Undergrad: 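Here you go, one structure.
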Protein chains: 2
Amino acid sequence: MMRVRDALAEGNTAVNRTTLKDVADHVGVSAKTVSNVVNGTGWVSPELQERVREALVSLGYRPNAAARQLRSGRSGMVAVALPELSQPYFAELASELVRAAQDRSITVLINQTNGDRDSERRLSDGVGLPVMDGLILSALALNADDLAHRLDTTPLVLLGEHIGQSPFPHVTVDNTLAARAATDHLIARGRKRIAAIGAQVEGPNETSMLRLAGYREALTAAGLPLDDDLVMTVEAFHRSDGASAANRLLDSGVGFDAVFAFNDLLALGAMHALAERGVHVPADVAVIGFDDIDEGRYSTPTLTSVSPDKAAIARIALDLVLEPGPAIETSIPFKIIKRASA
Amino acid sequence: MMRVRDALAEGNTAVNRTTLKDVADHVGVSAKTVSNVVNGTGWVSPELQERVREALVSLGYRPNAAARQLRSGRSGMVAVALPELSQPYFAELASELVRAAQDRSITVLINQTNGDRDSERRLSDGVGLPVMDGLILSALALNADDLAHRLDTTPLVLLGEHIGQSPFPHVTVDNTLAARAATDHLIARGRKRIAAIGAQVEGPNETSMLRLAGYREALTAAGLPLDDDLVMTVEAFHRSDGASAANRLLDSGVGFDAVFAFNDLLALGAMHALAERGVHVPADVAVIGFDDIDEGRYSTPTLTSVSPDKAAIARIALDLVLEPGPAIETSIPFKIIKRASA
DNA sequence: CTTTCGTAGTTCATCGTTGAACGAATGATG
DNA sequence: CATCATTCGTTCAACGATGAACTACGAAAG
């Protein structure tokens with residue numbers, strides 16, 4: 001008899017795994033009949049079903065996903081590619097996607113691109129991935145050209161950043177509208193010198209530009225002047241960028257009584273820097289962020305933020321990727337969550 | 001020359017993905033020869049290799065992972081199961097695992113168990129998963145019995161919580177030692193009334209108990225009394241639990257000048273509550289956490305924390321799962337990162 | 001001159017599962 | 001009684017890639 005070690009030496013990982021045929025031989029029927037019992041297809045008499053089911057359990061049968069997928073073309077898996085799991089927004093989004101997928105009894109494979117164009121392109125081409133039923137991609141660096149020359153034909157849904165005239169469905173909040181709402185909130189609080197933290201001059205910056213546009217729209221609509229000295233550029237959307245932007249703002253000596261940060265990490269970094277320099281939030285400077293990450297509920301002070309409906313993003317993206325339709329753009333609802341910072 | 005669109009138009013029943021045979025026909029060789037070129041096996045003349053490689057690129061060939069895996073038994077994928085991606089510690093750990101896996105050119109499939117025993121058991125049995133080369137499981141609710149009756153034979157590595165006399169390798173920090181170091185740090189700062197936040201009376205609580213033991217060891221070694229009124233239990237390790245524990249501590253009227261929180265989220269929640277009640281950190285109460293999540297570097301005040309080497313956890317866990325060895329327990333190094341809160 | 005060896009490929013079977021197509025009973029219907 | 005539908009199950013051929021075994025040919029070795 002072949003021992004486990006011998007099998008391992010052969011390089012076979014799934015050692016001794018029970019197959020349909022094993023179960024079939026045990027019961028004395030054909031493999032297909034067992035397959036029918038497992039999948040509820042075809043006709044099998046109740047008594048036989050019972051016997052097969054017993055054998056399935058006692059032999060510990062579990063279907064081989066690779067074979068199943070090779071045959072049927074379906075994998076029951078959807079890949080999700082996000083820039084950075086260590087960013088709370090993406091981690092929370094991933095969490096929602098996993099949850100939504102579980103509801104549909106499919107498995108989510110999560111990948112991390114680091115916002116790297118090569119990684120994103122390779123993922124969208126399905127390189128190095130098992131064959132998937134779909135791909136949900138939150139791309140930062142990918143461009144329309146990459147998508148036009150995509151090798152893979154698996155359904156693709158894009159999140160967040162907008163990519164040119166892409167022929168794929170896209171799920172996102174209306175960044176301009178949401179940014180305008182955030183700025184309006186500060187204006188309604190009586191703030192007149194509102195700084196924006198999160199402009200980006202190079203790299204992937206579509207989100208940044210849309211939020212900046214919303215910020216400017218709100219100011220203009222309120223009859224407030226646009227002062228470029230109040231617009232702080234950042235390299236990335238991390239806490240450290242927010243902190244450095246706030247410090248530059250303070251160093252510059254330009255007066256401001258509010259900050260609209262383009263995401264919560266920037267806002268939290270900025271609040272941290274403000275606190276260190278003795279500026280009180282919200283007394284001296286009101287701060288509003290974007291994303292409504294959990295952390296903002298426990299910061300000091302708690303962070304007011306634009307809250308996109310992450311569960312809806314997850315749900316809709318999954319539906320679109322599993323049931324491919326036209327390349328429509330879906331706008332996700334958002335709310336302003338009022339907390340202590342503004 | 002046949003263009004890609006023509007190939008598509010031929011209507012391969014499955015998907016229009018290029019197979020080895022397509023490439024082989026195009027070049028006029030056997031499928032196996034193309035396979036040899038792709039994998040660098042066998043002997044293929046340089047000129048032919050060149051021609052095949054051209055065809056591979058022009059036809060956009062990508063290997064079918066399911067077929068490859070069905071044949072070879074290897075999938076190039078490792079599953080990682082974590083309780084909650086929305087918890088920064090796990091998100092950061094996942095991020096490190098993805099990075100470490102990329103270095104070894106393997107893919108990581110991330111799952112979320114919600115700390116649910118059923119989910120954990122099903123994962124450890126490989127139910128609903130593609131055949132994997134290994135599983136890295138951070139289990140909360142799984143018990144030794146579940147593991148003993150594991151159906152799957154995929155290499156398994158456990159993270160964090162210790163599970164009985166498990167026959168599987170285990171990677172974790174020495175919780176007791178680290179907790180003692182954290183408490184020692186507070187003692188060295190001259191604190192005498194040190195509260196602990198994070199004791200757990202029911203549910204999965206091994207980590208909690210070990211950290212509590214370390215806390216007590218440190219107090220005893222320093223000749224400080226053990227006061228149960230200073231030990232706060234929590235339901236989970238979330239910010240809200242930390243906040244409520246801090247509030248209960250304040251409400252109880254028991255005096256304390258320091259808090260050792262069993263993780264950073266508890267610490268941040270506690271700091272938030274303390275700030276709301278006008279208690280200054282670290283002037284009135286010093287706070288130290290555990291995990292060293294990124295957020296602690298930008299909280300107000302910044303959070304001193306026990307920092308387990310997450311990159312090392314990821315690296316070692318991957319090595320152990322890919323190169324199965326004895327069921328050893330690996331202790332991960334940690335550091336105390338001193339910031340403003342203690 | 002035969003044998004061995006190295007190179008450069010081929011063919012074939014197979015991994016585990018499932019769709020398609022095909023019996024073989026049983027009972028109902030005209 | 002012949003015909004047809006229904007039920008219950010079977011066999012067969014793939015899905016795409018690859019290890020094992022085999023062919024063919026020239027060159028070197030004995």
Side-chain angles (χ1 to χ4, degrees), chain A residues 2 7 9-52 56 59-76 126 128-133, chain B residues 7 11-52 56 59-76 126 128-131 133:
Chain A
M2 189 171 76
E10 281 182 5
N12 204 329
T13 313
V15 189
N16 295 342
R17 204 165 156 147
T18 315
T19 72
L20 279 183
K21 181 144 197 332
D22 297 336
V23 180
D25 290 351
H26 191 261
V27 181
V29 294
S30 75
K32 182 69 229 251
T33 297
V34 181
S35 166
N36 282 336
V37 172
V38 171
N39 298 298
T41 51
W43 293 270
V44 184
S45 66
E47 312 93 66
L48 185 50
Q49 275 197 38
E50 190 49 41
R51 284 203 295 139
V52 169
L56 283 171
L59 296 182
Y61 171 78
R62 277 154 313 122
N64 179 317
R68 186 174 262 185
Q69 172 183 346
L70 178 59
R71 184 62 244 250
S72 68
R74 295 213 149 276
S75 68
L129 279 185
V131 181
M132 290 285 164
D133 291 350
Chain B
N12 239 332
T13 46
V15 202
N16 15 40
R17 209 167 151 144
T18 315
T19 73
L20 278 185
K21 182 144 197 328
D22 297 336
V23 180
D25 290 350
H26 190 262
V27 181
V29 294
S30 75
K32 181 69 227 245
T33 297
V34 180
S35 165
N36 283 335
V37 173
V38 171
N39 297 297
T41 51
W43 293 268
V44 183
S45 65
E47 312 92 66
L48 185 50
Q49 275 197 36
E50 189 50 40
R51 284 205 293 142
V52 169
L56 283 171
L59 296 184
Y61 171 79
R62 277 151 316 122
N64 179 318
R68 188 175 258 184
Q69 170 184 351
L70 177 58
R71 185 70 246 260
S72 69
R74 296 212 155 277
S75 69
L129 279 184
V131 181
D133 291 349

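From a predicted model like this one, the values you see are computed outputs, not experimental measurements. Below, chains carry the letters A, B, ... as their sequence lines are ordered, and counting in each starts from 1.
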Undergrad: Give a yes or no answer on whether the side chain of A/R17 reaches the backbone of A/P63 with a donor-acceptor pair at less than 3.5 Å.
TA: yes

Undergrad: Step by step, work out the side chain to side chain contact (heavy atoms under 4.5 Å, CB included) result for A/L48 and A/R51.
TA: CA-CA 5 Å; A/L48 185 50; A/R51 284 203 295 139; 3.5 Å; yes

Undergrad: Quick one: A/Q49 CD to D/dG9 C1', roughly how many Å, whole number?
TA: 12 Å

Undergrad: Nucleotide by nucleotide, 5' to 3', does protein get under 4.0 Å of the base (B), only the sugar-phosphate (S), or neither (-) in nucleotides 24-29 of chain D, counting heavy atoms?
TA: ------

Undergrad: Nearest whole Å is fine: how far is D/dC15 C1' from B/R62 CZ?
TA: 16 Å

Undergrad: Look up atom CZ in B/R74 and atom CG in B/D133, then write down how far apart they are to the nearest 0.5 Å.
TA: 5.0 Å

Undergrad: Which angle, rounded to 10°, do you find between the first-five-pair axis and the last-five-pair axis of the helix from C/dC1-D/dG30 to C/dG30-D/dC1?
TA: 60°

Undergrad: Kindly say if A/S30 contacts the phosphate of D/dG9, meaning a side-chain N or O under 4.0 Å from OP1 or OP2.
TA: no

Undergrad: Taking only the side-chain nitrogens and oxygens of A/S72, find out if one of them lies under 4.0 Å from OP1 or OP2 of C/dT17.
TA: no

Undergrad: Consider the side chain of A/V44, meaning its heavy atoms from C-beta on, and name the nucleotide among D/dG9, D/dC8, C/dG9 that approaches it most closely.
TA: D/dG9

Undergrad: In whole angstrom, give the distance that lies between atom NZ of B/K21 and atom C1' of C/dT10.
TA: 14 Å

Undergrad: Counting any heavy atom closer than 4.0 Å, what does A/V29 reach on the DNA or RNA strands: base, sugar-phosphate only, or nothing?
TA: sugar-phosphate

Undergrad: Return the value, rounded to whole Å, for the distance between atom CH2 of A/W43 and atom P of C/dA25.
TA: 18 Å

Undergrad: How close or far is atom P of C/dG9 from atom CG of B/N36, stated in whole angstroms?
TA: 10 Å

Undergrad: Quick one: on DNA chain C, does A/N39 or B/S45 contact a more 5' nucleotide (nearest heavy atom)?
TA: B/S45

Undergrad: Among C/dT17, D/dT18, D/dT10, find the nucleotide with the atom closest to the side chain of A/P63.
TA: C/dT17

Undergrad: Does any N or O donor sit under 3.5 Å from an N or O acceptor when you compare the side chain of A/K32 with the base of C/dG19?
TA: yes

Undergrad: Output yes when at least one side-chain N/O atom of A/R68 is less than 4.0 Å from OP1 or OP2 of C/dT18, else no.
TA: yes

Undergrad: Given C/dG16, is OP1 or OP2 found less than 4.0 Å from the side-chain N or O atoms of A/T19?
TA: no

Undergrad: Going by side chain to side chain contact (heavy atoms under 4.5 Å, CB included), A/V52 matches just one of A/V37, A/V38, A/V44. Which one?
TA: A/V37

Undergrad: Checking A/S35 side chain against A/A31 main chain: does a donor-acceptor pair fall under 3.5 Å?
TA: no

Undergrad: Separation of A/Y61 atom OH from C/dG16 atom C1', in whole Å?
TA: 7 Å

Undergrad: A/L70 side chain: which of C/dT18, D/dG16, D/dT10 is closest?
TA: D/dG16

Undergrad: When rounded to the nearest 0.5 angstrom, what is the spacing between CZ in A/R68 and CG in B/L70?
TA: 13.0 Å

Undergrad: How many Å lie between CZ on B/R74 and C1' on D/dG19, as a whole number?
TA: 15 Å

Undergrad: Please evaluate residues B/V34 and B/Y61 with respect to the criterion side chain to side chain contact (heavy atoms under 4.5 Å, CB included), reporting the C-alpha separation (whole Å), side-chain torsions for both, the decisive distance (0.1 Å), and the verdict.
TA: CA-CA 11 Å; B/V34 180; B/Y61 171 79; 5.9 Å; no

Undergrad: Return whichever of B/L48 or B/A67 has its heavy-atom-nearest nucleotide of DNA chain C closer to the 5' end.
TA: B/L48

Undergrad: Whether the side chain of A/R71 and the base of C/dT18 hold a donor-acceptor pair under 3.5 Å is what I'd like checked.
TA: yes

Undergrad: Between B/N64 (CG) and C/dC15 (P), how many Å, whole number?
TA: 18 Å

Undergrad: Any chance you could measure A/L56, atom CG, to A/Q49, atom CD, to the nearest 0.5 Å?
TA: 10.5 Å

Undergrad: Given B/K21, which partner from the list B/D25, B/T19, B/T18 fulfils the side chain to side chain donor-acceptor pair (under 3.5 Å) test?
TA: B/D25

